[in-house]
Amino acid sequence: MNKRILIIEDEANLARFIELDLTHEGYEVCVSHDGREGLEMALSEDWGLILLDLMLPNLNGMEVCRRVRSVKQTPIIMITARDSVFDRVMGLDSGADDYIVKPFAIEELLARIRALFRRVQLPSEGEQILTFKDLTVDLNARTVKKGDEIIELTKREYDLLVTFLQNINIVLTRDTLLNKVWGFDTEVETNVVDVYVRYLRHKLDENDKESYIQTVRGAGYVMRP
């Protein structure tokens with residue numbers, strides 16, 4: 001497991017505080033106080049995790065997250081003082097894996113980091129390609145094809161689709177999907193699952209055909225052959 005963590009945080013005292021605690025926990029830590037510099041560091045080196053502040057000089061955290069996510073799947077935890085549902089959804093939509101609000105206890109941040117590292121696992125042998133009807137997902141390349149057409153998905157949409165494909169014929173509740181895709185300790189509400197199912201349907205479905213993802217009223221969602 002890559003235990004290198006990049007902190008992109010413009011509050012020097014907070015960044016130093018986090019750096020000391022992470023170093024004490026055995027992580028290798030680097031710090032940037034600037035959005036543009038942090039982006040360059042995020043893209044030029046391999047990191048196990050990025051802790052990313054939302055409000056940064058020169059380039060804000062949302063844009064840093066989007067640019068990183070366009071080329072890398074490095075786990076990202078967004079750190080911000082903004083606590084509205086809208087801001088959380090915006091952060092997650094930009095590609096963040098988790099979200100923690102200032103002020104926070106360092107023990108909570110450490111727990112979120114450990115949980116995120118537990119969720120980042122390589123696919124096992126024999127599970128590199130997932131297929132369903134005319135959909136093909138290559139887990140190594142992280143590509144999705146519908147027939148011969150490549151379907152562009154965000155990281156969260158991709159993770160949600162893979163979860164469905166790994167559980168064909170199994171009805172998944174919103175809580176289950178939230179735990180599998182966002183993590184058991186997330187503060188995101190279950191209605192976010194409905195939003196992302198709608199995103200997936202928009203990208204995958206055809207108007208004259210049954211949806212790939214079926215709604216089971218009062219239960220959740222399922223993919224059935």
Side-chain angles (χ1 to χ4, degrees), residues 62-78 85-99 116 118-184 186-225:
M62 292 287 189
E63 187 60 26
V64 172
C65 189
R66 289 190 189 97
R67 296 190 189 185
V68 171
R69 189 58 72 230
S70 69
V71 295
K72 287 189 169 186
Q73 297 301 321
T74 310
I76 297 172
I77 296 178
M78 196 79 81
V85 172
F86 174 78
D87 288 315
R88 293 184 185 186
V89 171
M90 284 289 291
L92 295 169
D93 274 353
S94 69
D97 295 273
D98 201 355
Y99 197 106
L116 192 50
R118 285 196 300 269
R119 299 206 301 272
V120 179
Q121 297 177 350
L122 294 174
S124 60
E125 288 298 322
E127 295 183 344
Q128 310 305 315
I129 302 293
L130 298 175
T131 60
F132 178 77
K133 298 182 178 179
D134 59 346
L135 296 179
T136 303
V137 177
D138 186 324
L139 296 176
N140 285 333
R142 294 184 68 87
T143 57
V144 178
K145 285 186 176 182
K146 182 179 178 182
D148 295 325
E149 177 190 2
I150 293 180
I151 306 297
E152 298 292 341
L153 300 180
T154 66
K155 180 181 184 298
R156 197 72 63 180
E157 292 165 354
Y158 173 87
D159 291 343
L160 185 59
L161 177 60
V162 168
T163 299
F164 279 122
L165 292 176
Q166 290 174 332
N167 294 275
I168 296 297
N169 271 330
I170 298 175
V171 176
L172 301 172
T173 67
R174 290 169 178 81
D175 284 331
T176 297
L177 290 167
L178 199 66
N179 291 342
K180 287 180 176 292
V181 178
W182 281 265
F184 72 92
T186 185
E187 296 180 11
V188 176
E189 299 295 331
T190 54
N191 61 357
V192 171
V193 173
D194 299 326
V195 173
Y196 276 86
V197 168
R198 187 164 66 248
Y199 290 164
L200 271 180
R201 284 172 169 166
H202 178 72
K203 293 184 177 182
L204 298 178
D205 291 352
E206 298 177 29
N207 292 334
D208 58 343
K209 294 184 179 180
E210 184 180 50
S211 176
Y212 290 90
I213 304 169
Q214 299 176 33
T215 301
V216 181
R217 193 174 300 277
Y221 298 100
V222 65
M223 272 187 160
R224 290 195 177 107

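Remember, predicted model here, so these are calculated numbers, not experimental data.
Using a 4.5 Å cut-off on side-chain heavy atoms (C-beta onward), Lys203 and Glu152 make no contact. Tyr158 is not listed as a side-chain neighbour of Thr143, based on a closest heavy-atom distance of 4.5 Å or more. Side-chain contact between Lys146 and Glu206 is present, with at least one heavy-atom pair separated by less than 4.5 Å. In this structure the side chain of Thr131 never reaches within 4.5 angstrom of the side chain of Lys145, judged on heavy atoms. Looking at heavy atoms from C-beta onward, Val193 lies out of side-chain contact with Asp175 at the 4.5 angstrom threshold. Taking 4.5 Å as the limit, every side-chain heavy atom of Tyr199 sits out of range of all side-chain heavy atoms of Thr154. Inter-residue side-chain proximity for Leu161 and Leu204 is flagged as met; some heavy-atom pair is nearer than 4.5 Å.
Counting heavy-atom neighbours within 6.0 Å of Asp208 CG, excluding the residue itself, gives a total above 12.
There is a side-chain donor-acceptor pair under 3.5 Å between Tyr212 and Asp134. Inspection of the Ser211 and Asp205 side chains reveals an N or O donor paired with an N or O acceptor under 3.5 Å.
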After noting the C-alpha distance and the side-chain angles of Leu160 and Glu157, does the key distance pass the side chain to side chain contact (heavy atoms under 4.5 Å, CB included) rule?
CA-CA 5 Å; Leu160 185 59; Glu157 292 165 354; 5.8 Å; no
From CA spacing to verdict: side chain to side chain contact (heavy atoms under 4.5 Å, CB included), Val171, Gln214
CA-CA 9 Å; Val171 176; Gln214 299 176 33; over 6 Å; no
Side chain to side chain contact (heavy atoms under 4.5 Å, CB included) evaluation trace for Phe132 with Val137:
CA-CA 9 Å; Phe132 178 77; Val137 177; over 6 Å; no
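Arg201 and Ile213 get closest at one heavy-atom pair: NH2-O, 2.7 Å. Here the closest heavy-atom approach between residue Leu177 and residue Phe164 is recorded as CD1-CZ, 3.8 Å.
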